Amino acid sequence: MNAECATCGNEYDKAFQVITSDGRSYVFDSFECAVQALAPRCEHCNCHIIGHGVEVSGEYFCCTNCAEGAGRAGTRDRA
């Protein structure tokens, strides 16, 4: 049975469902489409954060370098 991707609209027989922590449900045909729809963006460089990232006062950054570049001094990775 085909399902339609929430990001690109492609109908695909191997689509998968993602349910978020707040209960919303999405169907995607690829991880790329899931990332485009769900991954937060870095406040400094605007890239999609697909790893751990860094959170500072409710803002998300892809790394400490970007957090510090945005003026959030003293951040460190939790690797």
Side-chain angles (χ1 to χ4, degrees):
M1 182 169 147
N2 288 354
E4 184 177 321
C5 178
T7 299
C8 71
N10 182 41
E11 289 202 14
Y12 188 50
D13 66 332
K14 295 174 182 61
F16 58 93
Q17 181 180 28
V18 173
I19 301 172
T20 61
S21 60
D22 63 0
R24 292 182 291 165
S25 175
Y26 301 89
V27 173
F28 299 107
D29 68 344
S30 68
F31 286 113
E32 180 179 2
C33 283
V35 166
Q36 291 295 321
L38 300 176
R41 288 189 171 266
C42 177
E43 297 283 342
H44 185 69
C45 74
N46 203 38
C47 74
H48 285 287
I49 303 170
I50 58 173
H52 292 284
V54 177
E55 182 181 1
V56 181
S57 300
E59 295 179 305
Y60 296 95
F61 301 93
C62 63
C63 62
T64 58
N65 186 57
C66 276
E68 291 180 4
R72 309 305 183 273
T75 62
R76 57 183 259 260
D77 287 316
R78 296 187 296 173

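Quick caveat, the model's predicted, so the values are computed rather than measured.
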Undergrad: Taking side chain to side chain contact (heavy atoms under 4.5 Å, CB included) as the definition, give me every residue that meets it alongside C63, ordered by chain and number, with sequence neighbours left out.
TA: N65, C66
Undergrad: Roughly how far, to the nearest 0.5 Å, is the SG atom of C8 from the CD atom of Q36?
TA: 10.5 Å
Undergrad: Is the closest side-chain heavy-atom distance between E4 and V27 below 4.5 Å?
TA: no
Undergrad: Should the heavy atoms of other residues, nucleotides or ligands under 6.0 Å from CD of E32 be counted, would the total exceed 12?
TA: no
Undergrad: Can you give me the closest heavy-atom contact between A3 and A15, atom names plus distance?
TA: CB-CB, 3.9 Å
Undergrad: According to the side chain to side chain donor-acceptor pair (under 3.5 Å) rule, which pairs have a member within residues 9-20, sequence neighbours left out?
TA: N10-D29, Q17-S25, T20-D22
Undergrad: Would you name the heavy atoms of T7 and C33 that are closest together and state the gap between them?
TA: OG1-O, 3.0 Å
Undergrad: In the hydrophobic cluster built from side-chain contacts under 4.5 Å, what are the other members alongside V18?
TA: F16, Y26, F28, F31, L38
Undergrad: Can you measure from OH (Y60) to CZ (R41) and round to the nearest 0.5 angstrom?
TA: 15.5 Å
